[in-house]
Amino acid sequence: MLTKIKFEKFTAFENFEISFSPGINIFVGENGTGKTHILKAAYASCDIAKSELGFAGKINNVFYPSGKQIGRLVKRASTSNSGFVELTRDVGEKSIRLRLSLSNHTLKPEKASISGSPKAWSAHPLNAAYIPVKDMMANAPGFLSMYKEKEIHFEEIYADIILKAFSPISKRLADPQRKKLLERLQKAMEGKVERKGEEFFLRNKYGRLEFTLLAEGFRKLGLLWQLIQNGTLLNGSALFWDEPETNLNPKLMRAVIGILLELQRMGVQVFLTTHDYIILKEFDLQAKSEDAIMYHSLYRGEESEEIEVASTSIFADITPNAIDDTFGSLVDREIEKSMGRLGK
């Protein structure tokens, strides 16, 4: 389980630290406050043993700076600058740390400095999945071969999620909780996901419909189905989801949030970013007292203009809350417009 992340002069952050909930972590804030950067850095640390250059290589591939020069991830300055990103996690009763330090002159990942407990970290890999904003299920055919040959340029999260989706179904993992989640997804999608080669289909009462013809919201539900069905999301794993509301009909959000809450109850640590009021409100309405939910509001300080964070476990206490403020502003404008009509 990841417990904390700390940045110093890294990407958009000057000096930033945040502690994670063991359950669900929801990041809100205006554009440019580093929400996705937190998810990417945390995700990059999860299974560094699979990366050729360890944590440094994974960070470089996940962020994909220009020219793949890792030093460009250091916060920009007119003079020489150095920074770091540090993760902390619990392994059993022990807390271990992993830090990547570099300067803006560090060109290659192997030249960056790794400290903390990298061997212990690698020895206890954390299975994780990162669902990006852009759907990849319909783009799966041929993607991995082109990515491997460097014919297309994407952050590694896109190749990773396709590999996760391709993982074979594990029948021995057919436990009652998982079956219940799959049934809820099946109802929301009105069908089941099937795979033939590198192509995905939705099987429903009308037959097999290829994912390229499906609404993107259904594709995202289909991906979630695959990750649950093949055992990627099990007790002790982590799910990172960047803006789950993208192209998802608000009617389906109730089902999605219910599934995320159930995954958390099964021991999956969840990290997601959102700009959507309905997402926040669904968590507030569906959560039980025992659910471990933390809302992290990212904002820029009035004086320093640097990114800061305010965390709370109570929906009503999220502050600042740009989503709620915008929603409230719409209501106020609607009232003003209606009152204007009445005055005529």
Side-chain angles (χ1 to χ4, degrees), residues 1-30 33-48 55 59 62 75 83-101 115-118 120-121 124-128 130 235-242 260-261 263-265 267-274 279-280 283-284 287-301 304 306-323:
M1 178 187 70
L2 296 169
T3 57
K4 184 168 60 176
I5 193 169
K6 184 176 181 181
F7 297 98
E8 185 172 297
K9 292 181 171 57
F10 190 89
T11 65
F13 302 102
E14 177 65 24
N15 198 317
F16 182 90
E17 183 175 328
I18 187 170
S19 296
F20 298 135
S21 163
I24 295 177
N25 295 272
I26 305 168
F27 299 90
V28 299
E30 296 182 2
T33 51
K35 301 182 296 299
T36 298
H37 286 191
I38 293 172
L39 264 63
K40 283 186 171 182
Y43 168 72
S45 75
C46 287
D47 194 359
I48 58 175
F55 186 38
I59 281 280
V62 163
K75 191 177 181 186
F84 68 80
V85 54
E86 178 182 284
L87 278 296
T88 306
R89 60 181 287 212
D90 287 343
V91 177
E93 297 181 357
K94 187 178 180 181
S95 180
I96 59 175
R97 184 173 54 86
L98 181 68
R99 176 183 284 199
L100 167 70
S101 303
S115 57
S117 310
W121 197 287
H124 297 87
L126 178 60
N127 195 26
Y130 190 114
N235 182 22
S237 63
L239 172 63
F240 300 84
W241 199 343
D242 202 359
L260 292 177
L261 286 166
L263 285 172
Q264 172 251 170
R265 292 163 192 154
V268 178
Q269 191 175 18
V270 179
F271 301 81
L272 64 89
T273 69
T274 185
I279 290 278
L280 293 180
F283 274 111
D284 180 45
K288 299 177 181 179
S289 58
E290 63 269 23
D291 291 326
I293 301 177
M294 189 68 69
Y295 303 93
H296 306 285
S297 178
L298 279 70
Y299 63 96
R300 292 191 179 273
S304 67
E306 299 297 342
I307 299 171
E308 301 179 17
V309 64
S311 301
T312 179
S313 60
I314 302 172
F315 170 77
D317 291 347
I318 301 174
T319 182
N321 190 342
I323 297 172

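When reading the values below, keep in mind they use all heavy atoms of this one structure, side chains included, and skip hydrogens, waters and symmetry mates.
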Suppose we screen for side-chain hydrogen bond (donor to acceptor under 3.5 Å, both in side chains). Which residues come up paired with [X], at least two apart in sequence or across chains?
| X | value |
| --- | --- |
| T11 | H37 |
| H296 | N25, S311 |
| T274 | E245 |
| R99 | E86 |

Please report the interatomic distance [atom1]([X]) to [atom2]([Y]), rounded to the nearest 0.5 Å.
| X | Y | atom1 | atom2 | result |
| --- | --- | --- | --- | --- |
| I307 | E30 | CD1 | CD | 11.5 Å |
| S101 | E8 | OG | CD | 9.0 Å |
| I96 | L98 | CD1 | CG | 8.0 Å |
| I18 | I38 | CD1 | CD1 | 5.0 Å |
| L272 | I24 | CG | CD1 | 7.5 Å |

Please answer whether the main-chain N or O of [Y] pairs with a side-chain N or O of [X] as donor and acceptor at a distance below 3.5 Å.
| X | Y | answer |
| --- | --- | --- |
| T273 | F27 | no |
| K35 | L298 | no |
| W121 | S45 | yes |
| T3 | T88 | yes |

Handout entry: Pairs involving residues 38-47, ordered by first then second residue, that meet salt bridge (charged side-chain N to carboxylate O under 4.0 Å, His left out) (sequence neighbours left out)
Key =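 Applying salt bridge (charged side-chain N to carboxylate O under 4.0 Å, His left out) to every pair that reaches into residues 38-47, excluding sequence neighbours, yields K40-E155, D47-K50.
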Handout entry: Residue pair L280, F315: steps toward the side chain to side chain contact (heavy atoms under 4.5 Å, CB included) verdict
Key = CA-CA 8 Å; L280 293 180; F315 170 77; 3.6 Å; yes
Handout entry: Pairwise side-chain contact, R89 with Q269, heavy-atom cut-off 4.5 Å (strictly under)
Key =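 R89 vs Q269: side chains apart.
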Shortest non-hydrogen contact from [X] toward [Y]:
| X | Y | result |
| --- | --- | --- |
| N235 | G267 | OD1-CA, 3.3 Å |
| I293 | A287 | CD1-CB, 3.5 Å |
| L2 | C46 | CD1-SG, 4.2 Å |

Exercise for the section: For the pair F283 and D291, evaluate side chain to side chain contact (heavy atoms under 4.5 Å, CB included) and give the outcome as yes or no after the intermediate values. Expected result: CA-CA 10 Å; F283 274 111; D291 291 326; over 6 Å; no
Handout entry: Partner set under ring-ring contact (aromatic ring centres under 6.0 Å, His included) for Y43, not counting sequence neighbours
Key =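 With neighbours one apart ignored, the set is Y130, F240.
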Exercise for the section: Report the residues that fulfil ring-ring contact (aromatic ring centres under 6.0 Å, His included) with Y299, sequence neighbours left out, ordered by chain and then residue number. Expected result: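 If we apply the ring-ring contact (aromatic ring centres under 6.0 Å, His included) test to Y299, skipping adjacent residues, there are no hits.
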Side chain to side chain contact (heavy atoms under 4.5 Å, CB included) partners for [X], two or more places apart:
| X | answer |
| --- | --- |
| T312 | Y295, I314, D317, I318 |
| N127 | K164, T232, S237 |
| A41 | I5, F7, I59, F63, V85 |
| A292 | S21, P22, Q264 |

Problem - Side-chain ion pair, E308 and R300, N-O less than 4.0 Å - result: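 Salt bridge between E308 and R300, a charged N being under 4.0 Å from a carboxylate O: no.
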Handout entry: With sequence neighbours excluded, residues passing salt bridge (Lys or Arg N to Asp or Glu O under 4.0 Å) with D284
Key =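 D284 satisfies salt bridge (Lys or Arg N to Asp or Glu O under 4.0 Å) with K281 only.
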Problem - H124/K94 under side chain to side chain contact (heavy atoms under 4.5 Å, CB included): CA gap, chis, key distance, verdict - result: CA-CA 12 Å; H124 297 87; K94 187 178 180 181; over 6 Å; no
Problem - Exceeds 12 heavy-atom contacts within 6.0 angstrom, atom CD of E17 - result: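 Correct, the count exceeds 12.
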Handout entry: Residue from F84, F13, F16 passing side chain to side chain contact (heavy atoms under 4.5 Å, CB included) with K6
Key =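 Exactly one candidate clears the test, F84.
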